[in-house]
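Taking it in order: structure first as C-alpha cells, then the write-up.
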Amino acid sequence: MPRLQLGDWINSGVNWLRDNLSWLFDFISSVVQGMYDGLNTVLSGPEPLLLAGILALLAWWLRGLLPAVLAFLGFALIDSIELWGEAMNTLALVLVAGVITIVFAVPLGIWASRNRAVSAVIRPVLDFMQTMPAFVYLIPGIFFFGLGVVPGVVATVIFSMPPGVRMTELGIRQVDAELVEAADAFGTHPRRTLMRVQLPLALPTIMAGVNQVIMLALSMVVIAGMVGAEGLGSTVFQAISSVDVAMGFEGGIAVVILAMYLDRMTSALNQRVSPLARRALAKEKAKQLSGLKVLHWRPATSVAMVGVVVLALVAGGMSMFGGDDEGPEVSANVGKGQSVNIGYINWDEGVASTFLWKELLEQRGFKPKVQSYDVGALYTGMAAGNIDFETDSWLPTTHASYWSKYKSKLENLGSWYGPTSLEVAVPSYVKGVKTLEDLEKKSSTFKKKIIGIEPGAGEMKLMQDKVMPGYGLNKNFSLVKGSTAAMLSQLDRSYSKKEPIAVTLWSPHWAYDKYKLTKLKDPKGAFGKGDRIDSLARKGFSKENPQVAKWIKNFKLDEKQLTSLESAIQDAGKGKEQQGVRAWLKQNPGIANKLAPVPGGADQKGKDAGAAPMIGYFPWDEDIATTYLWKNVLERRGYKPEIKQYDVGSMFTGMSTGQVDVEFDGWLPVAQKQYWDRYKKNLVDVGSWYDKTSLEIAVPSYVKDVKSLADLKGKAGTFDGKIVGIEPGTGEMKLLKGKVLKEYGLDKEYKVSDGSSPAMLAELERSYAKKEPVAVVLWTPHWAYSKYKLTKLADPKKAFGASNQLHTLANKSFPKKFPEFNGWLKKWHMTEKELASLEQAVQDAGKGNEEKGVQKWMDAHPGIVDKMAPVAS
C-alpha cells in the first residue's frame, strides 16, 4: 500500500497558516503575553510570605483553618527552596491558560448541550485534542508564536479544553427534564431557563470540569518549559537534561504543592457558588462535633475579602516603598538598558559561557535574559528571531543537522573554543596508563569496568561500536551505562579514596579543573576529530547590535579558563550560576575588559561631572539627533543634562535670559540672522560643527541626465509637471516659488505641490520603491540622503542663496558655567555622512525611542564618546 503523506500535508498546512495569518498570530501573541505579564507582575511583586498569607486566607475561606495552615506551610517551603519566582511564573501561566480555556469551553459546552448536531461534531474533535500527546502541541506552537510564554499557553489551552467542554455539556444534560419542562410550561424564555434552572443545577458538574481544566493546565505548562515558557517547567526541564536529582526533586515538590492547592481550592469553590453544594455543606456542619468546629470554621465572605484586601495593601506598600535588590554594577553603560535574549543548552560549557556573557553584558549596561532550551527548540527560536544568540554550537559535526536546516536564517559569530574531544580519563595517580592501548593490559586494575554515561549518548555509541573493538577493550572490559551525574559521583567517590577508575569524559569539562586526571591518548583516532564550539546568532543580529557582535566574535577561552569557570559555577550550586561567574571574574582580574572592551575603558567621569546643563532643541531632524547624542555623551561623563523642545523664537529668548544654557542648531549667517542680531548681546557663538548647509531639489539617482536645476527644463513630462514640496509657509518654499523656478524658467512648466515634510518623504519613498521619477524639495543635512541614493540638483545660478553653517549657540555665561563642556563643543565637528546616518538611526528607532536610535548609532561608531568628550587620564 502506498505511503499516505499525511505528515507532509499537515506541515504544508501549518506553513500556509503561518505565512498568511501572521497578523492573527501576532494579535493572539500580544493579548496572551499582555495577560501573562500583568498577572505575573501582580503575583511576583509582594513579599513571598505575604502573598502566601493571602493564598492561605483564601484557603481558610474556602476549606477551613487546617487547610489554610497547610497551604501557608507549603508555600513557605517553596520560598525556602528558592523557587518562589518560578512558582509564581507557573501560577500565572496556569491562571491565564485556565481563564482563556474556561471562556471558550463553557459556552461551547452549553451550545453542544442544546444542539445534538454540534455535540456530534465536537465529540471527535475533543477526542483528538485529549488523546494527542501533549508534546505535539508545542511544535506548531513554536512555528506560529515563537518561543516563550505564548506557545506554552496556547498549547495548554488546546490540551486542557476537552474536560471543560464535556463536563459543561454533561452537567446541563443531566438536569431533570421535568424541571426544564415545568419552566417552559410557565412561559419562561429559553435563555432564562438556561440561566435560572439548568446552569445552577449543573454547576457542580461544571465546576468539576473547571477543576480538571486547571489540573491539565498545570501539567501542560510544566511540559511547556521545553519551549522556553517560564516557571517550574523550565526548572524541571533543566533537571532532566542535566540528570540533577536534587533540582528535579525540588522542582517536583513545588509543582505538587501548587497542584494540591489549586485542586483543593477549585473543588471547594463549588461549595461557595453552587446552591446544591451550599445546602450539603450546611448539613455537614450541623453534624460536626462541637470540639472540631473550630477546625472547620470558615470566615464569612466579607471578612475574608477584608483580610485579603488588607494583606494586599500591605504587600503593595512593601513592594512600593521597600528597598529593591541591588542590580549588577554597571561599569560602562554601553547598552543603555537594551534587552538581549540569550538561549542555551543545559550543558556545562553552555551554562558557563552563557552566564559569563550575562554578567558581562549587565556590566556594560544591557539587560540580558537567559533561558534554557532543548537543542531543536534553541535553533528554531534563533531562526525565528526569538533568541538573539547562543554560545554552544558544536560544529561541524555534532550540530551539523541543525546548522544545515537553519543556516540561511542564522549568523555564525565564530568559534571561541576548540577543538573539543571525547576521551576516556583516569586519575593521575594511576601510573602506567597514558593511552587507550595501555588500558587494555590493566583490566584487573579497574575491575574490568569503564564507567559510562547515558546509554543514548553519541559518545557511548562510539565507545561500543568503534573505540572498544578498535583497542580490544570489549574482551576484558564492560562499559557501565548510567548517567552523567552517576559517572561524576563515582569518579568523586573513587578519587577521594585514591582508587583506580576509568570514566568516559569529554573536553571541555569542569572535572579536569576539580580533579587531576589523565586524558588517555587515542593513537588510532577511534574517537574521530573534535568539534569546535561556535557562537550563533539570529540573522541581522550583528547589524542591529554591532558592539555585542564584535565582542562575541573576538571571544576566546582556553581549556584552563573554561574548566575553571565551569568549576566555579559548580561550586556555587544550582540557581547561583552568576555568583559563580562573579567569583571567577575576581580570580581573573582584567578578563572582563578583555572580553568586552569599551573605548577608553569604563566610562570616565568629566571634571564637571554632576553639572546639569539645560539644552534646548527644535523639532528638526538634525537638532533632535545631535541633542540626544550629546545627552548620551554627557551622561557617560557623569553630567546630568536636561533637554526641552522649543520653537525658534522661544529658544533664542530663553537662551538670552539664561533659562536655556545651550542649543546646537543655529543656522548662521543667513537663516536665523534676525534672531542672532536681536539677542547676540546676551549670547555666545561657541562655534560651527557642520559646514555648508544647503537648500535644494533632489531626484533619485536612477533618474538619468538630470544633474542640475537647468536640466529640469523640458522634462516636465518625466515628473508629471510636479515638484513635491513641503509646508507652504517655510522659507525654502517661498524662495522656490518666488525666485528659483523663475530664475531657471521652470515656473510655467512645473507646479510645486504644497503639503508637509512627512507627506513629501512618503511620496519619495513610494516613488523610490517603484523606481518612478520624482523631484522633491530637500535640504542638507537630511537623513533621506543616507536612506536613499539621491542626486542633489546643482544650482549654478545660486538662486537658493548662500549656504549656512550649523552653530552651537549659548547663553553668555555658558563658557564660565560649564568650561569643560564648552571646550568639547568648540572642537566638535560632524561630517555629512555621520550626521545623515545618525538622523536615520533616530528615524528608524521611531518617536519616543530617540535614545535607542542614538545608542545604536554609537555602537556602530566605537570611540565616539572619547572623540567628542575626551577626558585626560
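Any value given below was found using the heavy atoms of this structure, including those in side chains, with hydrogens, waters and symmetry copies removed.
For T420 against P508, the heavy-atom pair with the smallest separation is CG2-CD, 4.1 Å. Taking all atoms of both residues into account, the shortest heavy-atom contact from T504 to G452 is OG1-CA, 3.4 Å. A217 approaches S160 most closely through the heavy-atom pair N-CB, 3.9 Å. Heavy-atom minimum distance, S542 versus E411: OG-OE1, 2.6 Å. Counting all heavy atoms, side chain and backbone alike, L361 lies closest to W551 at CD2-CZ3, 4.0 Å. When all heavy atoms of K407 and S404 are compared, the closest pair comes out as CG-O, 4.1 Å.
One side chain, Q363 or E359, offers a donor N or O that lies under 3.5 Å from an acceptor on the other. Side-chain contact annotation: E349 with W394, donor-acceptor N/O pair under 3.5 Å present. For Q490 and S494, the side-chain atoms include at least one donor-acceptor pair closer than 3.5 Å. Of the N and O atoms on the side chains of Y379 and S393, at least one donor lies less than 3.5 Å from an acceptor on the other residue.
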**Prompt:** Would T90 and V255 count as a side-chain contact (heavy atoms from CB on, under 4.5 Å) if you check the C-alpha gap in whole Å, the side-chain angles of each, and the deciding distance to 0.1 Å?
**Reply:** CA-CA 9 Å; T90 299; V255 172; 5.9 Å; no
**side-chain contact (heavy atoms from CB on, under 4.5 Å) evaluation trace for D534 with S415** = CA-CA 4 Å; D534 288 8; S415 62; 2.8 Å; yes
**Request:** Please test I450 against L439 for side-chain contact (heavy atoms from CB on, under 4.5 Å), starting from the C-alpha separation and ending with a verdict.
**Result:** CA-CA 10 Å; I450 297 173; L439 192 63; 4.0 Å; yes
**Request:** Under the side-chain contact (heavy atoms from CB on, under 4.5 Å) rule, what do L262 and L91 come out as? Steps first, then yes or no, please.
**Result:** CA-CA 9 Å; L262 290 171; L91 184 56; 3.9 Å; yes
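In this structure, CH2 on W584 lies 3.5 Å from CD1 on I591, to the nearest 0.5 angstrom. To the nearest 0.5 Å, atoms OG1 (T380) and OH (Y406) are separated by 3.0 Å. To the nearest 0.5 Å, atom CD1 of residue I453 and atom CG of residue L505 are 8.5 Å apart. Summarising the geometry, atom CG belonging to L360 is positioned 6.0 Å from atom CG belonging to L585; distances are rounded to the nearest 0.5 Å. Here L93 contributes atom CG and M220 contributes atom CE; the two are 11.5 Å apart, rounded to the nearest 0.5 Å. Here the NZ-CH2 distance, from K405 to W403, works out to 15.0 Å after rounding to the nearest 0.5 Å.
Side-chain atoms of R364 come within 3.5 Å of backbone atoms of A596 as a donor-acceptor pair (strictly under, hydrogens ignored). For the pair W84 (side chain) and I78 (backbone), a donor-acceptor distance under 3.5 Å is absent. A donor-acceptor pair under 3.5 Å is absent between the side-chain atoms of S421 and the main chain of G530, judged by distance alone. Not one N or O on the side chain of D263 forms a donor-acceptor pair closer than 3.5 Å with the backbone of A259. In this structure a side-chain-to-backbone donor-acceptor pair under 3.5 Å is missing from D492 to L488. A donor-acceptor pair under 3.5 Å is absent between the side-chain atoms of K553 and the main chain of V548, judged by distance alone. Checked by atom type and distance alone, the side chain of Y261 never pairs as donor or acceptor with a backbone atom of G74 at under 3.5 Å. A donor-acceptor pair under 3.5 Å links the side-chain atoms of S564 to the main chain of Q561, judged by distance alone. Checking side-chain atoms of S80 against main-chain N and O of L77 turns up a donor-acceptor pair under 3.5 Å.
Residues T518 and V433 form no side-chain contact, since every pair of their non-hydrogen atoms from C-beta on lies 4.5 Å or further apart. A heavy-atom distance below 4.5 Å is found between the side chains of N89 and Y36. Side chains of H509 and Y512 form a contact here, defined as non-hydrogen atoms less than 4.5 Å apart. Using a 4.5 Å heavy-atom cutoff, the side chains of I345 and L378 are in contact. Side-chain contact between N545 and F389 is absent, with no heavy-atom pair separated by less than 4.5 Å. The shortest side-chain heavy-atom distance between E437 and P523 falls under the 4.5 Å cut-off. Residues I501 and V430 are not in side-chain contact: their nearest non-hydrogen atoms beyond the backbone lie 4.5 Å or more apart. Taking 4.5 Å as the limit, some side-chain heavy atom of N412 sits within range of a side-chain heavy atom of L395.
For residues 382-393, every residue pair satisfying the salt bridge (charged side-chain N to carboxylate O under 4.0 Å, His left out) rule, not counting sequence neighbours, is listed here: D388-R538. Screening residues 462-478 for side chain to side chain donor-acceptor pair (under 3.5 Å) gives K461-D465, Y471-D522 as the qualifying pairs, with residues at least two apart or on separate chains. For the salt bridge (charged side-chain N to carboxylate O under 4.0 Å, His left out) condition, the pairs that include at least one residue of residues 493-519, sequence neighbours left out, are K519-E559.
Aromatic ring centres of W357 and F555 lie closer together than 6.0 Å.
W510 and Y515 have tilted rings, their planes meeting at an angle from 30° to 60° on a 0 to 90° scale. Taking the six-membered ring where tryptophan is involved, the planes of Y344 and F355 are perpendicular, since the angle between them exceeds 60° and thus also 30°.
Other residues, nucleotides and ligands contribute over 12 non-hydrogen atoms within 6.0 Å of the NZ atom of K524.
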